Amino acid sequence: MLYKSLKNYKYKVSFKEAVLTGQSPEKGLYFPENIPLLEKKIIKNISNYDVNDLILEVIQPFIGNEIPYKELLNIISNTLNFKININNIYNNIFSLELFLGPTLAFKDIGVKFLSGCIKYFRKNLNKNIIILTATSGDTGAAVAHAFHKIDGVKVVILYPSSKISILQEKQITTLGDNILALEIKGNFDDCQILVKQAFYDEQIREKLFLTSANSINIARLLSQIFYYFMCYKLLHSNNKLVFSIPSGNYGNICAGLIAFKMGLPIKHFIAATNINDTIPRLLKTGIYNPYPSQETISNAMDISDPSNFSRIMYMFKTINNLKTIVSAYSFTDKETIDIIKYIWNNYKYMMDPHGAIGFLGLIKLIKNYKNNYFNNIFLSTAAPVKFLDKITEDLSDKIFLDKKVIKLIKKNKKSIHLSNKYEIFKNWLLSNNFL
C-alpha cells in the first residue's frame, strides 16, 4: 500500500515514510492510495473472531509487509490491552465507551498503535525522533503516556494555557523524562499553527527528525478504525449502525468513514460539535469559513479549522456526496450541561461534555428519521472525571474519584511557558539538545 500526498497526488510514499515524516514535503496530509474492501465473510462472521485477529484483518492491508506479521500482532495486542465497552442507555441508543484506557480517553488506542509503529521503525534510524504535537487536551495526555521512556524518542507537547482541564494538564505535565510540555499563550489553533510551521521550516527539518502524533499522522488515523469494527462485534446484531461522533479535528469521523468504505454496514454519521461549527455551517451553505475558535466546556472540540476534513473531502469529492452519509449539528454549553443532567437524573448514566454532544447529535437525527431498527451509537470519548472543573458542582459531586486520579491531581506540574509567536517557539526548539 502506498500513501499519496493530498497536495500532490503523484507524490507517493510507503507506510513507514508516511508514519515517520507525518506530512509530505509540500505540506500535504497522506492518505491511502486505495481503501481495501474487507471480505464479506469477515463482517458476516465478525462475532467469531478474536479481537486481535479481527483488527489484524482490518489493518494489515494498509501496512502490507512493512511490519512483519508477528510484530504487527504484538503491536495490536499492546494497543488493545484494555477494555472497550458498549452501554445500552435506553431503547436502541448505546454509548460506546472508549475512555477505559490509561489516560481515560479514546485517543489511547490511536496513540498506542502509533507508538508501537514508531518504536518498530526506529530500529534502523541513528538519530532521535522528535514527536511534535499540539493538543486541545486528550491527545497530549495519550501521547505523553504512550511514548514515555521510549528510547530514542523525545516528545514536545504544545497545549493552550488555561484552556484544558486540570486532570488533562496534570497527565501532560507530570511525567518528565522524555516528555516536554509547552504551555502556550493562546488557543488550540495557535498551538496547531506553531506545529505546522515547524514541520514546514527547512532550517528545523535539517537539524531535527520531526514527526507528529496528532491525527494528521496516518498511523494514528488508521488505528481509529479499530473501534468501529469492535463496536459492531460487541453489539451482536445485524442491524445497520448510526454513529454520532463528537468532532474537533475530524480524525475520528474520518476513520469511521474509512470503515464504511471498507464495508462495515453503517447507515449514517453525525458530526456533533460545540459552537465551533465550521462543518455544520459548511454542510448548510457549501462555504468553508472558519471563525476564530471559541472556548467551551467541551475543550477538545474547540477547533475551527479541522485538519482531517481535507481527507474526508478527498474520499467524497463534493459536499452533496458527503451529505448522503454525514449530517452535522452544533450545540451550546447550556444544551450540553442540560442533557448531562437529564440523562443522569433519568437513567443514572454520567456523560462527559464531549459524549453529551455526541448524544445530542444522535437525538437530533433520530427525530428527523424516526427509526426504530438501527443501532444508534454515540461515542463517549473521555471519562467524566477529566472534566470536574468544566461542569457544574451538582454534577461533579456525582463523579467518583479513584485513588489514582486523586494522586495525579496532587502532583506538581512542570511546564514551559511560551508565547504563540513562531520565532520564539522556533528558537526554543533549535536551542534544545534533541540530538
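By convention here, the first residue in the shown sequence is residue 1. Given the structure is predicted, the values throughout are model-derived calculations rather than measurements.
A distance of 7.5 Å separates CG in Leu96 from CG in Leu234, rounded to the nearest 0.5 Å. Considering CG of Asp277 and OG of Ser330, their distance stands at 4.5 Å, rounded to 0.5 Å. A distance of 10.5 Å separates CD in Gln171 from NZ in Lys411, rounded to the nearest 0.5 Å. With values rounded to the nearest 0.5 angstrom, Phe226 atom CZ is found 6.5 Å from Leu80 atom CG.
At a threshold of 4.5 Å between non-hydrogen side-chain atoms, the residues Ile89 and Phe94 do not count as touching. Residues Thr332 and Asn274 have side chains not in contact (no heavy-atom distance under 4.5 Å, counting atoms from C-beta outward). Using a 4.5 Å heavy-atom threshold, the side chains of Gln192 and Asp305 count as separate. Looking only at side-chain heavy atoms (C-beta outward), Ile279 and Pro306 come within less than 4.5 Å of each other. Side-chain contact between Ser327 and Phe269 is absent, with no heavy atoms from C-beta onward closer than 4.5 Å. In this structure, Ile193 and Val195 have side chains that are not in contact, with every pair of non-hydrogen atoms separated by 4.5 Å or more. Using a 4.5 Å cut-off on side-chain heavy atoms (C-beta onward), Asn74 and Tyr69 make no contact. Side-chain contact check for Tyr314 versus Ser310: every heavy-atom pair is 4.5 Å or farther apart.
The aromatic rings of Phe15 and Tyr3 lie tilted to each other, with the angle between the two planes from 30° to 60°.
Asn321 places a side-chain N or O within 3.5 Å of a backbone atom of Phe316 that can act as its donor or acceptor partner. In terms of modelled atom types and a separation under 3.5 Å, the side chain of Asn78 and the main chain of Asn81 share no donor-acceptor contact. Of the possible polar contacts, one joining the Asn346 side chain to the Tyr342 backbone as a donor-acceptor pair under 3.5 Å is found.
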Task: Chi angles and distances behind the side-chain hydrogen bond (donor to acceptor under 3.5 Å, both in side chains) call for Ser212, Asn217 - done: CA-CA 6 Å; Ser212 175; Asn217 193 297; 5.9 Å; no
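Between Glu39 and Lys44 there is no salt bridge, since no side-chain N of the basic residue sits under 4.0 Å from a carboxylate O of the acidic one. With respect to Glu97 and Lys83, no salt bridge is recorded, no charged nitrogen being found less than 4.0 Å from a carboxylate O.
Minimum interatomic distance between Ser247 and Thr273 (heavy atoms only, all atoms of both residues): O-CG2, 3.9 Å.
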